[in-house]
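Below is one structure, written out as structure tokens; the observations come after it.
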Amino acid sequence: MDVRIIRSYRYASPGKFHALSQRLGKGLPKVWSALQGGNPKLQSAFEEMLPQYDELYHEAQLGSIVAKARRDALQAKLTELMDEIAAILETAGFYNRELLLLSGFDLAKERRGRTRPKSPAAVTSFLQSKQEGDGSGEGAPPSP
């Protein structure tokens, strides 16, 4: 089964986005060293924005309209960075799934169920009539 990152943070409320960003702030430092091909500027930009977002999130809870607007703008920038990080992690996670688990992102498994082939209605009705005995004597038990 293939594991992928759920990008629910794109449409998350500020509270849920804040919780995820704090979780990523704790999880991603464990993963950065394994992402040798990752973008170091991406890492530094993300790590600089997290404390700013945390501060603006708490400030906006006090009801400041200006703080809410700044928080929303920073949330949009963080979302773009998280998209890039998720793409890099999914690529690296193809070979090492532990990276995805340690990162802090929400994960989903792609499930591919086996579907049974459906028989056409004509074949089904023919088989049912054979089982019930259609009077031709083929399906009826022999008489003693």
Side-chain angles (χ1 to χ4, degrees), residues 1-136 138-141:
M1 272 187 240
D2 192 25
V3 178
R4 64 180 179 85
I5 294 174
I6 299 174
R7 288 169 172 79
S8 59
Y9 54 84
R10 291 179 181 162
Y11 311 106
S13 65
K16 289 183 180 183
F17 188 88
H18 179 259
L20 177 64
S21 67
Q22 294 303 305
R23 193 170 66 223
L24 289 176
K26 292 177 184 174
L28 285 176
K30 301 172 190 173
V31 178
W32 288 125
S33 60
L35 297 176
Q36 304 264 332
N39 188 346
K41 291 180 183 177
L42 181 66
Q43 176 185 356
S44 63
F46 186 76
E47 289 176 349
E48 288 174 9
M49 285 187 190
L50 275 182
Q52 293 173 7
Y53 183 78
D54 186 45
E55 183 180 323
L56 282 173
Y57 173 75
H58 291 296
E59 189 178 325
Q61 283 185 324
L62 299 174
S64 171
I65 295 173
V66 175
K68 287 180 182 179
R70 290 180 26 212
R71 177 201 63 201
D72 292 343
L74 191 58
Q75 184 172 335
K77 290 179 186 177
L78 273 171
T79 300
E80 291 175 10
L81 291 177
M82 290 165 89
D83 281 337
E84 291 181 41
I85 293 168
I88 293 170
L89 272 173
E90 280 182 333
T91 304
F94 183 75
Y95 299 106
N96 187 358
R97 291 178 194 240
E98 291 177 11
L99 293 176
L100 293 174
L101 294 173
L102 292 173
S103 68
F105 278 104
D106 296 327
L107 303 176
K109 291 181 181 179
E110 288 185 15
R111 296 187 178 151
R112 295 186 183 128
R114 289 182 275 163
T115 58
R116 295 189 312 219
K118 295 182 181 178
S119 59
V123 174
T124 305
S125 64
F126 174 75
L127 292 174
Q128 285 176 351
S129 67
K130 281 289 199 182
Q131 288 175 352
E132 294 172 358
D134 55 1
S136 64
E138 294 177 25

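All values derive from a computational prediction rather than experimental measurement. Scope of the values below: all heavy atoms of this structure, side chains included, with no hydrogens, waters or symmetry mates.
Within the structure, the side chain to side chain donor-acceptor pair (under 3.5 Å) test picks out the following pairs touching residues 14-25 (sequence neighbours left out): His18-Asp54, Arg23-Asp106.
To the nearest 0.5 Å, atom CD of residue Gln75 and atom NZ of residue Lys68 are 13.0 Å apart. Separation of atoms CE (Met49) and CG (Leu81) is listed at 5.0 Å; rounding is to 0.5 Å. Summarising the geometry, atom CD belonging to Gln43 is positioned 10.5 Å from atom CD belonging to Glu48; distances are rounded to the nearest 0.5 Å. Once rounded to the nearest 0.5 Å, the distance linking CG of Leu24 with NZ of Lys26 reads 11.5 Å.
By the ring pair (Phe, Tyr, Trp, His ring centres under 6.0 Å) test, Tyr53 is found to be paired with Phe17, residues two or more places apart in sequence or in another chain being considered. For Leu102, the side chain to side chain contact (heavy atoms under 4.5 Å, CB included) partners two or more places apart in sequence, or in a different chain, are Val31. For Glu84, the side chain to side chain contact (heavy atoms under 4.5 Å, CB included) partners are Leu42, not counting sequence neighbours. For Asp72, there are no side-chain hydrogen bond (donor to acceptor under 3.5 Å, both in side chains) partners, not counting sequence neighbours. With sequence neighbours excluded, the residues that form a side chain to side chain contact (heavy atoms under 4.5 Å, CB included) with Ala86 are Ile5, Arg7, Tyr9, Phe105.
Around the CD atom of Glu98, the shell of radius 6.0 Å holds no more than 12 heavy atoms that belong to other residues, nucleotides or ligands. In this structure, Gln61 places its CD atom where more than 12 heavy-atom neighbours from other residues, nucleotides or ligands lie under 6.0 Å away. Summarising the local packing, CD1 of Ile65 is surrounded by 12 or fewer heavy atoms from other residues, nucleotides or ligands at distances under 6.0 Å.
Of all the heavy atoms in Leu50 and Gly25, the pair that sits closest is CD1-CA, 3.5 Å. Across Arg70 and Leu56, no two heavy atoms sit closer than the pair NH2-CD2, 3.4 Å.
Taking the side chain as every heavy atom from C-beta outward, Asp83 and Arg10 approach each other to under 4.5 Å. Looking only at side-chain heavy atoms (C-beta outward), Leu28 and Leu89 come within less than 4.5 Å of each other.
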